[in-house]
Every structure is written in C-alpha cells, then in structure tokens.
Amino acid sequence: MGRQARGSLVVALMSALLLTSCSTGTTGSTTRDSTYWEKGAGAAEAAAYMKIQIPKGATDVKGAVRVNPREDDYILSFRTDRTTAARIAEDLRSEEPPAPWGIKATQESELFGHLGLAEPKTLKDSLWAGVCPPCVKDDRRRHVAWMEIYIENLGAERTRVYLHAF
C-alpha cells in the first residue's frame with residue numbers, strides 16, 4: 001500500500017470516528033437536548049446544593065432537580081413567616097434587597113409547575129432578588145452560578161419562598 005493510499009485510509013478512519021462520536025445514539029439514549037427531572041431528588045437535595053437551611057416550622061416544603069446537559073436546575077419552595085423569608089433573602093448576599101418583580105410574565109409553568117405551584121414570575125406583587133454567589137465572594141456557594149428568590153405574600157405574616165439555583 002502506497003503512502004497516498006495509507007494517508008487516504010487514515011483520513012477515512014478519522015472521519016468515520018468523528019462521525020460516530022457526534023451521533024445522537026440509539027433510541028432511548030440521552031441526547032444533548034434532553035432534560036429530565038431526577039427521580040428521588042427533592043427538597044433535601046435542592047437545599048443541600050443551595051446551602052439553604054429549610055427553616056424549622058416551614059410547611060408545604062417541596063423541591064426538585066431538573067437535569068440539563070448545560071446546567072442542572074435546583075428548585076425549592078416552602079411556606080414560612082415573613083421574618084424568616086427576609087433572613088433567607090439577606091443570606092443570599094444579593095447587592096439589592098428583594099423588590100417587586102415588576103415584569104408582567106404570563107409564561108406557562110416551566111420549573112415550579114413541576115411541583116404543582118404557580119411560576120413565581122407570574123404572581124402579582126411577589127418580591128424578587130437574584131445573585132451570582134461567586135461574584136459576591138460567597139464561598140459557601142462558589143459552585144452555584146446564579147440563585148434567585150421570590151417571596152409571595154400569603155397574608156397574615158405568612159409567605160411562600162421560591163428558590164431557584166443553577
């Protein structure tokens with residue numbers, strides 16, 4: 001086999017390897033675009049990732065993890081008193097305190113709908129704060145790219161806290 005033939009064979013083999021490594025696989029395999037809710041992952045796993053203590057006395061505690069090829073979404077929600085919700089928001093170390101969301105959103109359930117809850121962006125008068133933990137030098141959460149909190153007023157000094165991190 002001549003030098004040119006060997007070169008052509010090597011190029012053909014490299015092309016074949018490249019094409020097979022880029023294929024999406026067989027039916028049933030995970031593709032680049034697939035996302036799914038991790039079975040068995042709930043409030044405890046979301047709170048652990050976020051480095052959030054679920055408050056004593058919190059009720060209706062819910063959480064989940066959505067696995068995504070780019071970054072996983074961790075969601076956590078619970079009912080608590082206003083003072084505790086304010087402390088949790090302060091602990092996120094956002095440069096701005098929670099303020100009215102102010103953007104009218106009518107999107108369909110995206111994350112919290114998985115927990116049977118309304119999307120906090122669609123709630124009237126909810127408060128919002130967001131933070132990039134590494135940007136504010138929060139070493140506890142240096143593995144978290146972004147966190148946000150929504151606080152829904154439920155009346156009678158009660159709130160529902162929604163937390164999302166990725």
Side-chain angles (χ1 to χ4, degrees), residues 25 28-166:
S29 68
T30 302
T31 64
R32 290 181 154 198
D33 300 334
S34 67
T35 61
Y36 60 92
W37 293 99
E38 188 171 320
K39 290 184 181 187
E45 289 76 13
Y49 178 79
M50 296 179 197
K51 304 292 189 221
I52 294 283
Q53 283 283 87
I54 297 173
K56 289 186 180 201
T59 59
D60 200 20
V61 178
K62 300 178 179 192
V65 177
R66 184 172 70 173
V67 177
N68 184 328
R70 288 178 287 145
E71 59 212 2
D72 297 343
D73 289 296
Y74 294 79
I75 58 174
L76 177 65
S77 184
F78 49 85
R79 294 176 186 231
T80 190
D81 61 84
R82 288 182 198 206
T83 304
T84 303
R87 260 193 313 247
I88 292 167
E90 186 178 304
D91 182 59
L92 295 185
R93 301 180 184 172
S94 176
E95 293 177 354
E96 301 290 329
W101 173 242
I103 299 172
K104 295 211 184 255
T106 57
Q107 71 188 68
E108 293 295 316
S109 293
E110 189 175 292
L111 290 172
F112 289 93
H114 176 73
L115 302 176
L117 300 169
E119 289 301 314
K121 293 178 183 177
T122 65
L123 300 171
K124 186 179 178 189
D125 301 326
S126 65
L127 301 177
W128 173 88
V131 66
C132 161
C135 300
V136 296
K137 298 185 180 11
D138 184 352
D139 289 334
R140 301 167 300 162
R141 299 181 179 109
R142 66 181 164 268
H143 63 283
V144 178
W146 180 255
M147 273 185 85
E148 56 190 2
I149 185 170
Y150 292 86
I151 302 172
E152 176 188 14
N153 179 14
L154 300 176
E157 294 299 311
R158 299 293 292 171
T159 63
R160 173 172 283 286
V161 172
Y162 297 81
L163 292 155
H164 172 218
F166 56 86

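Residues take their numbers from the sequence shown, with the count starting at 1.
Once rounded to the nearest 0.5 Å, the distance linking OH of Tyr162 with CD of Glu152 reads 4.0 Å. The line from CG of Leu117 to CG of Asp60 is 6.5 Å long, rounded to the nearest 0.5 Å. To the nearest 0.5 Å, the span separating OH on Tyr150 from OG1 on Thr159 amounts to 15.5 Å. Atom CD1 in Ile151 sits 12.0 Å away from atom CH2 in Trp128 (nearest 0.5 Å). Rounding to the nearest 0.5 angstrom, the gap separating the CZ atom in Phe78 from the OG1 atom in Thr59 is 10.0 Å. Between the OG1 atom in Thr84 and the CD atom in Glu157 there is a gap of 11.0 Å [rounded to 0.5 Å].
Remark: side-chain polar atoms of His143 are paired, donor with acceptor, to backbone N or O of Tyr49 under 3.5 angstrom. Of the possible polar contacts, one joining the Arg141 side chain to the Lys51 backbone as a donor-acceptor pair under 3.5 Å is found. Asp138 contributes no side-chain N or O that, together with a main-chain N or O of Pro134, makes up a donor-acceptor pair within less than 3.5 Å. Side chain of Glu110 to backbone of Glu119: no donor-acceptor contact under 3.5 angstrom is found. A donor-acceptor contact shorter than 3.5 Å links the side chain of Ser94 to the backbone of Gly130.
The 12-atom threshold is not exceeded at CD of Glu90, counting heavy atoms of other residues, nucleotides or ligands nearer than 6.0 Å.
For the residue pair Ser34 and Pro69, the shortest heavy atom distance occurs at O-CD, 3.0 Å. Heavy-atom minimum distance, Arg82 versus Gly155: NH2-CA, 4.1 Å. Residue Arg93 comes nearest to Lys137 through the heavy atom pair NH1-O, 4.1 Å, listed as atom of the first residue, atom of the second, then distance. Scanning both residues, Ala46 and Ile75, for their nearest heavy atoms gives CB-O, 3.3 Å. Taking all atoms of both residues into account, the shortest heavy-atom contact from Ala129 to Pro97 is CB-C, 4.4 Å. The shortest heavy-atom contact between Ala85 and Ile149 is O-CD1, 4.3 Å.
Within the 4.5 Å cutoff, no side-chain heavy atoms of Glu148 are placed close to those of Leu163. Taking the side chain as every heavy atom from C-beta outward, Ile54 and Leu76 approach each other to under 4.5 Å. Here the side chains of His164 and Asp73 are in contact, with some heavy-atom distance below 4.5 Å. Here the side chains of Pro100 and Leu127 are in contact, with some heavy-atom distance below 4.5 Å. Counting heavy atoms from C-beta on, the side chains of Asn153 and Asp125 never come closer than 4.5 Å.
Using a cutoff of 4.0 Å between basic side-chain nitrogens and carboxylate oxygens, Asp91 and Arg140 are scored as salt-bridged.
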